[in-house]
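Worksheet: the structure to be examined is printed underneath.
Owing to the predicted nature of the structure, the values given are computational and were not obtained by experimental measurement. Every heavy atom of this structure was used, including side-chain atoms; hydrogens, water molecules and symmetry mates were not.
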Amino acid sequence: MLSALARPAGAALRRSFSTSAQNNAKVAVLGASGGIGQPLSLLLKNSPLVSRLTLYDIAHTPGVAADLSHIETRATVKGYLGPEQLPDCLKGCDVVVIPAGVPRKPGMTRDDLFNTNATIVATLTAACAQHCPDAMICIISNPVNSTIPITAEVFKKHGVYNPNKIFGVTTLDIVRANAFVAELKGLDPARVSVPVIGGHAGKTIIPLISQCTPKVDFPQDQLSTLTGRIQEAGTEVVKAKAGAGSATLSMAYAGARFVFSLVDAMNGKEGVVECSFVKSQETDCPYFSTPLLLGKKGIEKNLGIGKISPFEEKMIAEAIPELKASIKKGEEFVKNMK
């Protein structure tokens, strides 16, 4: 039994059952009735780190909240419906997770979601800036490469911007990289850790296989195939679901993993590292995902890119123009908002 108990930090959902000094996180999920929102809310309700769960959406939240409230864990659950109830949902929150928006259909890129989701994210984050300006904001809504700049610009408009507290949740890329590498090498996925940097769409997703722990080696053709699969894994799920949505269950897992890491760090746990798409000086992109040391006030230290291979170097160079364009698109959207 000992080996199961002695697993490293990679297994975040198991880590959520660690006892911590103050298991009193007040967490809001905005978009809680959707494909990601419901399973994400279930995972959060299942965690002893969470003491209060407030669920917001424009439909069905009373039902989702009633259902979850019957689970025998201590988090209190309340549903909030429609814009007039949003302020009450946010008051006193420590962490806000936003999976709201429309999912991809076959043939769509994440950028095709821009017009609908940009407005949704701008509206919801404006409410966060007003009603819980000190909360950690975790954005799942795609395209993350644009919705994080949107969030930052909205917080700036309200005069409450803190770059250490706004996170683009890219964790699913890391989770997928860990799963796919483990599968190819016959390893326990809970023991595999692959940093994934850059952004959260197509070729901006840059898995640093050279930094994988444990160390793994792949011939170049296999490495290229693996990298391509990690980059297009979202599309793999969109195609497999054949019009019935995008990655919701694995995204809910990844979102919960990120929130639990954040809450652990806020509770004073040391050495908590997650990759996330944040304001950054690591490249000449104003936002970039790299491993971050998390702390009580959000980002404690950006750990940067580290030593990388020429193959990875080339991927970064190719990703930067697309990343810059997506970032600019998000910033312009807020500038042009009425």
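- The side-chain heavy atoms of I209 and I230, taken from C-beta on, include a pair separated by under 4.5 Å.
- Inter-residue side-chain proximity for Q222 and L226 is flagged as unmet; no heavy-atom pair is nearer than 4.5 Å.
- Residues N145 and T204 have side chains that bring a donor and an acceptor to within less than 3.5 angstrom of each other.
- Partners of K156 under the salt bridge (Lys or Arg N to Asp or Glu O under 4.0 Å) rule, at least two apart in sequence or in another chain, are E153.
- In this structure, the side chains of C138 and L262 come closer than 4.5 Å at one or more pairs of heavy atoms.
- Under the side chain to side chain contact (heavy atoms under 4.5 Å, CB included) rule, Y80 has a single partner from T54, L30, L55, T61, which is T54.
- Between R176 and V237 the shortest side-chain heavy-atom distance falls below 4.5 Å.
- Contact annotation: the side chain of L42 approaches that of I71 to within less than 4.5 Å [non-hydrogen atoms, C-beta and beyond].
- Considering only heavy atoms from C-beta on, I308 comes within 4.5 Å of I316 through its side chain.
- No more than 12 heavy atoms of other residues, nucleotides or ligands lie within 6.0 Å of NZ in K307, so this atom counts as exposed by the packing criterion.
- Few gaps surround NZ on K279; more than 12 heavy atoms of other groups in view lie less than 6.0 Å from it.
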Review point. Between T290 and N302, is a side chain to side chain donor-acceptor pair (under 3.5 Å) present by the stated rule, with each step listed?
Key: CA-CA 7 Å; T290 43; N302 193 318; 2.7 Å; yes
